[in-house]
Amino acid sequence: MKNILVIGATGQIGSELTLELRKRYGNDHVIAGYIPSSMPQGELKASGPSAIADVTDRQSIEVVARQFKVDTIYNLAALLSVVAESRPAMAWKIGIDGLWNVLEVAREYGCAVFTPSSIGSFGVSTPHVKTPQDTIQRPRTMYGVTKVTTELLSDYYFTKYGVDTRAVRFPGIISNVTPPGGGTTDYAVDIYYSAVKGEKFICPLRPDTFMDMMYMPDALHAAISLMEADPARLIHRNAFNIASMSFSPEIIYAEIRKHIPDFEMEYQVDPLKQAIADSWPDSLDDTCAREEWAWKPRYDLETMTVDMLEKLKNKLTK
Ligand code: AKB
């Protein structure tokens, strides 16, 4: 039986990933790792064990690994792209010094490790349409620099020490549970909240800014199925392009208006967010993920929008 530690269990992805892993592997086998300023609440707290696991404090991870006989770590600790630009030293400390701590514990205790990369690992010189799996990665944001380093360091621990590291490059993740914080793709979540609350949405990006996005159930499915994949089939490891939909603000706005025709949106471009978005791919080629571990998304913009609006209506009108 697996024993899994999720580091960053109270964050946007961690909060839903922990519950999904508990459904699959049993509540007692999935530990919600948190930092003291962000304690688990509600179902996350009640449904299984939790423990302090701070990536900047190697001992805290080691204690949990030993106590719970952890064999798999999902390391989700990171600052997102916009906030990392204002706190670059902290972004490095959490993303890279933190990863080093996680990998060292994994090496000692024989754990597999999933540490996501991102579309942010690409830069202006990367081909932007159908970005290949193996291509130029010269990002100019601190977020991107930490994500490329994450990929390299994770591969290094695999080839040098045999640590079973695997990862995907997440696009913008859209969910109706825990809001994201400080990302360039956050607008694609915020727009649904505004639509359901009946508020005008102020869009921080130009109408024609394309980026890859994904609905949370597909993102969870990607992370878990990659970690369950037959290692003999993996040619790549850190990190796989995955894709399900690519849209611009004007396209998502039009899709929401099919359900809420009087929904209004205005553009007030944020120069930092726009510059970051312009440096990222419009769409990724995920052929390698499809071939090496049978990746296949379930949601597109249409089906995601129906589900998002329904779930948010229930959540916000309670
Ligand atoms: C961000 O916008 O920073 C993240 C990402 C795409 O990695 N959502």
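Heavy atoms only: backbone and side chains are in, while hydrogens, waters and symmetry mates are out. Just so we're clear, the structure is a prediction, and the values are computed from it rather than from any experiment.
- Here the OH atom belonging to Tyr192 is positioned 10.0 Å from the CG atom belonging to Asp307, to the nearest 0.5 angstrom.
- Contact of the Thr131 side chain with the Asp285 side chain is not registered, since no non-hydrogen atoms from C-beta on lie closer than 4.5 Å.
- Checked against a 6.0 Å centroid threshold, the rings of Phe201 and Tyr253 do not count as neighbours.
- Donor-acceptor pairing under 3.5 Å is lacking for the side chains of Glu255 and Thr305.
- Counting heavy atoms from C-beta outward, Met213 and Phe247 have side chains that approach closer than 4.5 Å.
- Contact annotation: the side chain of Lys258 never approaches that of Phe263 to less than 4.5 Å [non-hydrogen atoms, C-beta and beyond].
- Cluster membership check: Met227 does not share its hydrophobic cluster with Leu5, using side-chain heavy-atom separations under 4.5 Å among Ile, Leu, Val, Met, Phe, Trp and Tyr.
- A 4.5 Å side-chain heavy-atom check between Asp71 and Cys111 finds every atom pair outside the cut-off.
- Between the side chains of Asp278 and Gln274, at least one donor N or O lies within less than 3.5 Å of an accepting N or O.
- Tyr193 and Lys315 share a side-chain donor-acceptor pair at under 3.5 Å.
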>> If you apply the rule side chain to side chain donor-acceptor pair (under 3.5 Å), what do you find for Thr184 with Ser81, and how did you get there?
In response: CA-CA 6 Å; Thr184 306; Ser81 54; 2.7 Å; yes
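- The nearest pair of heavy atoms linking Ile260 to Val196 is CD1-N, 4.4 Å.
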> Under the salt bridge (charged side-chain N to carboxylate O under 4.0 Å, His left out) criterion, do Arg233 and Glu291 qualify, and how do the steps go?
Replying inline: CA-CA 9 Å; Arg233 285 184 63 195; Glu291 287 177 359; over 6 Å; no
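- Side-chain contact annotation: Asn27 with Arg22, donor-acceptor N/O pair under 3.5 Å absent.
- Side-chain contact annotation: Glu104 with Tyr157, donor-acceptor N/O pair under 3.5 Å present.
- Counting heavy atoms from C-beta outward, Ile256 and Met265 have side chains that stay 4.5 Å or more apart.
- Proximity of Tyr267 to Glu250: side-chain heavy atoms (C-beta onward) are separated by under 4.5 Å at one or more points.
- Between the side chains of Tyr109 and Arg66, a donor-acceptor pair is found at a separation under 3.5 Å.
- In this structure, Trp280 and Tyr143 have tilted ring planes: the angle between them lies in the 30° to 60° band.
- Considering every non-hydrogen atom in both Ile242 and Ala289, the closest pair reads CG2-CB, 4.1 Å.
- Between Asp208 and Ser248, the shortest heavy-atom distance links the atoms C-CB, 3.9 Å.
- Scanning both residues, Arg169 and Asn241, for their nearest heavy atoms gives NH1-OD1, 2.8 Å.
- Using cut-offs of 30° and 60° for the angle between ring planes, the Trp295 and Trp293 rings count as tilted.
- Side-chain contact, Asn176 with Tyr215: a donor N or O sits under 3.5 Å from an acceptor N or O.
- Scanning all heavy atoms of the two residues, the minimum distance from Asp212 to Ser246 falls at OD1-CB, 3.9 Å.
- No side-chain heavy atom of Tyr74 sits less than 4.5 Å from a side-chain heavy atom of Thr115.
- Using modelled atom types and a 3.5 Å distance limit, the side chains of Thr178 and Gln12 yield no donor-acceptor pair.
- Side-chain N or O atoms of Asp155 include none that pairs as donor or acceptor with a backbone N or O of Leu152 at under 3.5 Å.
- Remark: Arg166 fails to qualify as a cation-pi partner of Phe114 under the 6.0 Å distance and 45° angle criteria applied to the six-membered ring.
- Under 3.5 Å, the side chains of Gln133 and His236 contain no donor-acceptor pair of N or O atoms.
- Of all heavy-atom pairs between Pro40 and Ser50, the closest is CG-CB, 3.9 Å.
- No continuous path of ILVMFWY side-chain contacts below 4.5 Å connects Val55 to Leu17, so the two sit in separate hydrophobic clusters.
- Looking at heavy atoms from C-beta onward, Val129 lies out of side-chain contact with Pro281 at the 4.5 angstrom threshold.
- A cation-pi arrangement is present between Arg237 and Phe158, with the terminal nitrogen or guanidinium carbon under 6.0 Å from the aromatic centre and inside a 45° cone about the axis.
- Connection of Leu44 to Ile13 is not established within any shared hydrophobic cluster, with ILVMFWY side chains joined at heavy-atom distances below 4.5 Å, either directly or through further cluster members.
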